[in-house]
Each structure stands twice: as structure tokens, then as C-alpha cells.
Amino acid sequence: MTGPASELVVPGRPVDRGHLEIEVTEVAPWLLGKVLVHGSRAGRIVEVEAYRGEDDPASHAYRGRTARNAVMFGRAGHLYVYFTYGMHFCANVVCGEEGSPRAVLIRALAPLTGTAEMWAARPAARRPADLANGPAKLCQALGLDRRHDGADLITGDLGVWLVDDGTAPPESPDVGGRIGVSRAADRPWRFWVPGDPNVSR
DNA sequence: CTTTGGATCGTCT
DNA sequence: GACGATCCAAAGG
């Protein structure tokens with residue numbers, strides 16, 4: 001599904017790339033409330049985690065550039081999709097300056113549109129909140145995989161967009177340690193919308 | 001409700 | 001050759 005932004009299934013427009021080219025720990029909470037779109041499917045971002053390249057032992061880029069993490073080293077506004085546990089994909093928004101590997105892992109979405117497709121893509125889901133309340137679940141729900149690694153979320157070259165529909169980030173997001181990492185998990189770089197039923201775990 | 005272990009393979013040591 | 005930025009079903013309380 002490619003096409004101009006006027007074909008977006010949600011109101012709003014792609015975010016300004018410049019808003020992503022700053023400190024990753026500031027971008028992460030700013031992304032709460034934005035909308036991730038793939039074709040007819042869309043969900044509002046309700047939980048994220050920041051990963052800060054060379055400073056961060058938990059980051060895929062901690063030990064330098066490889067074929068896998070190359071997108072993290074590129075320009076802000078691109079999608080870094082990685083494969084893990086032999087069966088799952090997770091999606092990140094690349095941010096910061098070009099050459100400095102920073103990214104925000106999208107951990108949970110509140111489903112907005114295309115929910116029939118999401119249910120079909122997620123047969124294990126029992127409740128609406130099960131559709132996208134985890135980083136691999138939301139990739140399944142939206143149909144994101146290795147083909148979308150490197151997609152430009154501002155131009156929508158691969159049918160994937162990051163959209164601002166006017167919803168403001170929470171004034172005081174909940175903050176905590178990161179989940180599922182064995183190193184530097186205590187850094188308070190996980191942010192979520194207080195009380196949202198779609199937040200993971 | 002919580003805990004536990006299996007699935008499954010690309011990536012880097 | 002080991003280990004994941006995970007998910008799910010099954011078993012136990």
C-alpha cells in the first residue's frame with residue numbers, strides 16, 4: 001500500500017522530521033499519542049522505550065554498526081524493524097542526528113482503524129487490548145515485518161507513516177525501567193500513557 | 001490470578 | 001554455539 005499522505009486513513013499529517021532529530025529520551029515521550037499507520041490499519045502509540053546507541057548496553061547498536069542495525073545509524077524518521085526470538089518482529093522509530101544510532105521502540109498501540117484486519121492477523125487475541133499491547137504483537141497487528149526495515153515514516157514510501165492527528169502527549173507520562181533487557185534495564189527510559197488499557201503486560 | 005517452559009532462527013561471539 | 005528489546009498455552013493457587 002503506497003501512496004500520497006492524502007490517502008491516510010486517519011486525519012492529520014506525517015510528523016515533522018525535525019521533531020525526531022533531538023535527544024532520544026525527549027523524543028520517546030513526545031511520541032505518545034502519535035499514530036502509526038500501515039495501509040488501512042492504524043493505532044495510537046501508548047507505550048515506548050528509548051535506546052541510546054553507543055552509551056547504552058541494551059541497545060542493538062552498542063557494539064557498533066552491523067548489517068542488522070544499519071538503519072539505526074541513518075536519518076531520523078525511518079523505521080528500524082528487527083527479527084528476534086526466531087519468530088517475532090519489533091519496530092522502532094529512528095531519531096537523533098544522522099550517524100548517531102538512536103531509536104524508540106514502539107511497545108504498544110491502541111487500535112484505531114483496520115481492526116478487522118488486525119483480528120485476522122492476531123488469532124490469539126481475545127480482547128481488543130490483546131491486538132497490539134506488545135512490541136511484536138503490534139507488528140503482527142499492523143502487518144509489519146523485515147520488508148519495512150528502513151521505511152521512511154515521513155514520506156510513507158513503503159506505506160508506513162507516523163502521523164500527528166493533533167492529540168497531545170500526556171503532560172505527565174508514566175515512566176519506568178525497560179522491559180525484557182538484561183543490561184541497563186533500570187534506566188527510566190520506558191514511557192507510557194497513564195491508565196491506558198493497551199499498555200503491555 | 002501467577003508462573004513456567006517451549007517455540008524457532010538470525011545474528012554475533 | 002549461545003542468546004535474544006517476545007508471545008502463548010498450560011499448569012498451579
Side-chain angles (χ1 to χ4, degrees), chain A residues 20 23-29 31-32 34 36 41 43 45-74 76 78-96 100-111 117-151 153 160 162 173-193 197-201:
Chain A
L20 303 174
E23 175 57 44
V24 65
T25 50
E26 293 181 32
V27 175
L31 287 175
L32 295 174
K34 303 298 181 293
L36 189 61
R41 293 176 258 187
I45 297 170
V46 297
E47 181 185 0
V48 296
E49 278 177 2
Y51 286 88
R52 196 165 70 178
E54 60 280 329
D55 300 341
D56 182 1
S59 170
H60 289 167
Y62 183 55
R63 295 175 198 285
R65 179 177 179 142
T66 66
R68 178 207 204 189
N69 65 25
V71 173
M72 276 186 79
F73 288 78
H78 289 256
L79 192 69
Y80 167 48
V81 179
Y82 67 88
F83 179 69
T84 190
Y85 292 105
M87 67 189 86
H88 294 305
F89 295 97
C90 297
N92 302 251
V93 176
V94 174
C95 52
S100 68
R102 313 291 162 92
V104 176
L105 173 68
I106 309 302
R107 285 199 58 91
L109 302 176
E117 288 174 84
M118 293 188 191
W119 282 109
R122 297 237 345 109
R126 302 297 174 88
R127 312 161 305 164
D130 297 330
L131 288 175
N133 63 342
K137 295 178 187 178
L138 70 90
C139 283
Q140 250 180 275
L142 288 187
L144 298 175
D145 59 37
R146 67 175 84 255
R147 297 185 306 250
H148 305 100
D149 186 37
L153 299 169
V160 190
L162 180 61
D174 279 348
V175 183
R178 294 178 293 183
I179 294 178
V181 295
S182 54
R183 295 164 295 185
D186 54 316
R187 296 192 189 184
W189 290 350
R190 172 175 171 246
F191 305 88
W192 65 97
V193 176
N198 297 282
V199 170
S200 69
R201 122 204 228 204

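Below, chains carry the letters A, B, ... as their sequence lines are ordered, and counting in each starts from 1. What's counted below: heavy atoms across the whole structure, side chains too, no hydrogens, waters or symmetry copies.
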Please determine, for the side chain of [X], which listed nucleotide ([options]) has the closest atom?
X	options	result
A/Phe83	C/dC7, B/dC9, C/dA5	B/dC9
A/Met72	C/dA9, C/dC7, C/dA5	C/dA5
A/Met87	C/dT6, B/dG10, B/dT8	B/dT8
A/Arg68	B/dT11, B/dT13, C/dG4	B/dT11
A/Ala136	C/dC7, B/dG10, C/dG4	C/dC7

Could you state the [atom1]-[atom2] distance from [X] to [N], rounded to the nearest angstrom?
X	N	atom1	atom2	value
A/Ile179	C/dC7	CD1	P	10 Å
A/Glu49	C/dA5	CD	P	11 Å
A/Gln140	B/dT8	CD	C1'	14 Å
A/Asp130	C/dT6	CG	P	17 Å
A/Arg52	C/dA5	CZ	C1'	17 Å
A/Leu79	C/dA5	CG	P	17 Å
A/Arg201	B/dC1	CZ	P	15 Å
A/Leu131	C/dC7	CG	P	13 Å

Touch class at under 4.0 angstrom, heavy-atom based, for A/Ala58 against every strand present: base
Cationic N near anionic O, under 4.0 Å, A/Arg102 to A/Glu54: yes
Salt-bridge present (A/Arg146, A/Asp149; N to O < 4.0 Å): no
If you compare every side-chain N and O of [X] against the phosphate oxygens of [N] (OP1, OP2), does one of them come in below 4.0 Å?
X	N	value
A/Arg63	B/dT11	no
A/Thr66	B/dC12	yes
A/Arg122	C/dC8	yes

Pairing partner of B/dC12 (Watson-Crick or G-U wobble, both distances under 3.5 Å): C/dG1
Of A/Asn92 and A/Lys137, the one whose closest DNA chain C nucleotide lies more 5': A/Asn92
5' priority, DNA chain C, between A/Ser182 and A/Ala124 [closest heavy atom]: A/Ser182
Toward the 5' end of DNA chain B, by each residue's nearest nucleotide, A/Asn69 or A/His88: A/His88
cation_pi(A/Arg190, A/Trp192) dist<6.0 Å, angle<=45: yes
Stacked cation flag A/Arg178 on A/Tyr51, 6.0 angstrom / 45 deg: yes
Student check: side-chain heavy atoms of A/Leu109 and A/Val46 closer than 4.5 Å: no
Test item: A/Arg187 side-chain N/O and A/Gly177 main-chain N/O as donor-acceptor pair under 3.5 Å: no
Per-pair stack call A/Tyr85 and B/dA7, 5.5 Å, 30°: no
